[in-house]
Amino acid sequence: MAKKGKRYNGINEHVDRLQLYTIDEAVSLVKKTGSAKFDETVDLASRLGIDARQADQNIRGIVALPHGTGKSVRVVVFAQGDLARQAEEAGADFVGTDDLVDKIVDGWLDFDATIATPDLMRNIMPKLGRVLGPRGLMPNAKAGTVTTDVAETIRDIKAGQIEYRAERSSGIVHVPIGKVSFEEESIKQNLNVVMSALVAARPSVVKGRYIRSVAISATMGAGIRIDPQQFA
């Protein structure tokens with residue numbers, strides 16, 4: 001087995017893998033363990049007591065982080081005519097129709113979010129479903145990214161709106177909730193907003209414990225477990 005580096009071992013000295021931390025303790029620790037030479041992303045992972053393979057338990061939605069993600073988001077918009085003009089004026093990074101579809105099919109994926117007007121979905125789905133779907137980039141009505149209100153959706157995404165969805169195989173939701181450079185209070189507020197959204201999205205058919213586990217980590221840091229009862 002390969003030896004762990006000094007930095008990894010130093011991180012582990014701060015984190016007790018068996019302990020369930022309070023939100024305040026976990027956020028303080030994630031800032032200590034995010035010691036790489038770049039501004040690491042703070043990620044949240046929550047395992048839900050659902051069977052995400054069932055349609056009525058496949059949790060997916062959007063939530064606006066009050067302090068954003070700390071990342072500059074590149075937005076692609078599939079629109080034409082007046083809606084294309086609105087998208088450009090609202091700050092979309094790339095706007096187009098068939099030309100944009102062909103560019104993505106050819107391997108271009110230099111973007112973070114996609115929006116499409118309803119009338120163009122029939123053009124997008126056949127060609128891009130297998131490309132964008134597995135990457136979580138396919139426009140989706142549930143996530144609010146199939147819409148005629150392109151300008152408002154662009155502004156929301158760039159301001160910190162993120163999409164969450166449970167993995168079909170595990171029921172785990174992974175989302176970014178900021179950067180280690182954020183103030184602790186900002187990370188906590190982003191964390192609580194996401195967890196509140198997950199609690200509100202609980203399917204009515206789910207019985208028993210719903211929030212099974214919660215953990216946060218910096219990009220290069222150790223996972224820090226949070227007591228899930230704080231979100232019950």
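For the atom pair Leu191 CG and Ile23 CD1, the distance stands at 5.5 Å (nearest 0.5 Å). Between the CD1 atom of Ile226 and the CD atom of Gln19 there is a distance of 11.5 Å, given to the nearest 0.5 Å. The structure places CD1 of Ile50 at 10.5 Å from CZ of Arg168, a figure rounded to the nearest 0.5 Å. Remark: Leu44 CG to Ile177 CD1 distance equals 5.0 Å, nearest 0.5 Å. Separation of atoms CG (Asp93) and OG (Ser72) is listed at 7.0 Å; rounding is to 0.5 Å. Here Ile187 contributes atom CD1 and Lys179 contributes atom NZ; the two are 11.5 Å apart, rounded to the nearest 0.5 Å.
In terms of modelled atom types and a separation under 3.5 Å, the side chain of Ser196 and the main chain of Asn192 share a donor-acceptor contact. A side-chain donor-acceptor contact under 3.5 Å links Asp39 to the backbone of Ser181.
Residue pairs that meet the side chain to side chain donor-acceptor pair (under 3.5 Å) test with at least one member in residues 130-153, sequence neighbours left out, are Glu152-Arg155. Listed by first and then second residue, the side chain to side chain donor-acceptor pair (under 3.5 Å) pairs involving residues 202-229 amount to none (not counting sequence neighbours). Contacts classified as side chain to side chain donor-acceptor pair (under 3.5 Å) and involving residues 56-67 (residues at least two apart or in different chains) are given here: Arg60-Glu163, His67-Gln189.
When hydrophobic side chains of Ile, Leu, Val, Met, Phe, Trp and Tyr are connected at separations under 4.5 Å, Leu109 ends up clustered with Val76, Phe78, Phe94, Leu100, Val101, Ile104, Val105, Trp108, Phe111, Leu120, Met121, Ile124, Met125, Leu128, Val131, Leu132, Leu137, Met138, Val146. Grouped by direct or indirect side-chain proximity (heavy atoms under 4.5 Å, Ile/Leu/Val/Met/Phe/Trp/Tyr only), Val77 sits with Val73, Val75, Leu83, Val95, Ile115, Val150, Ile154, Ile157.
A salt bridge between Lys127 and Asp98 is absent, with no side-chain N of the basic residue lying under 4.0 Å from a carboxylate O of the acidic one. Comment: Lys103 does not engage Asp106 in a salt bridge, judged by the lack of any side-chain N to carboxylate O separation of less than 4.0 angstrom.
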Next item on the list: Could you go through the side chain to side chain contact (heavy atoms under 4.5 Å, CB included) check for Phe182 and Val42 one step at a time?
Entry: CA-CA 9 Å; Phe182 281 21; Val42 178; over 6 Å; no
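For Gln80, the side-chain hydrogen bond (donor to acceptor under 3.5 Å, both in side chains) criterion is met by Asp119, not counting sequence neighbours.
Residues Ala45 and Ile172 approach most closely at CB-CG2, 4.4 Å, considering heavy atoms. Residues Pro66 and Asn190 approach most closely at CD-OD1, 3.1 Å, considering heavy atoms.
Contact check for Thr97 versus Asn123: no side-chain heavy atoms found under the 4.5 Å cut-off.
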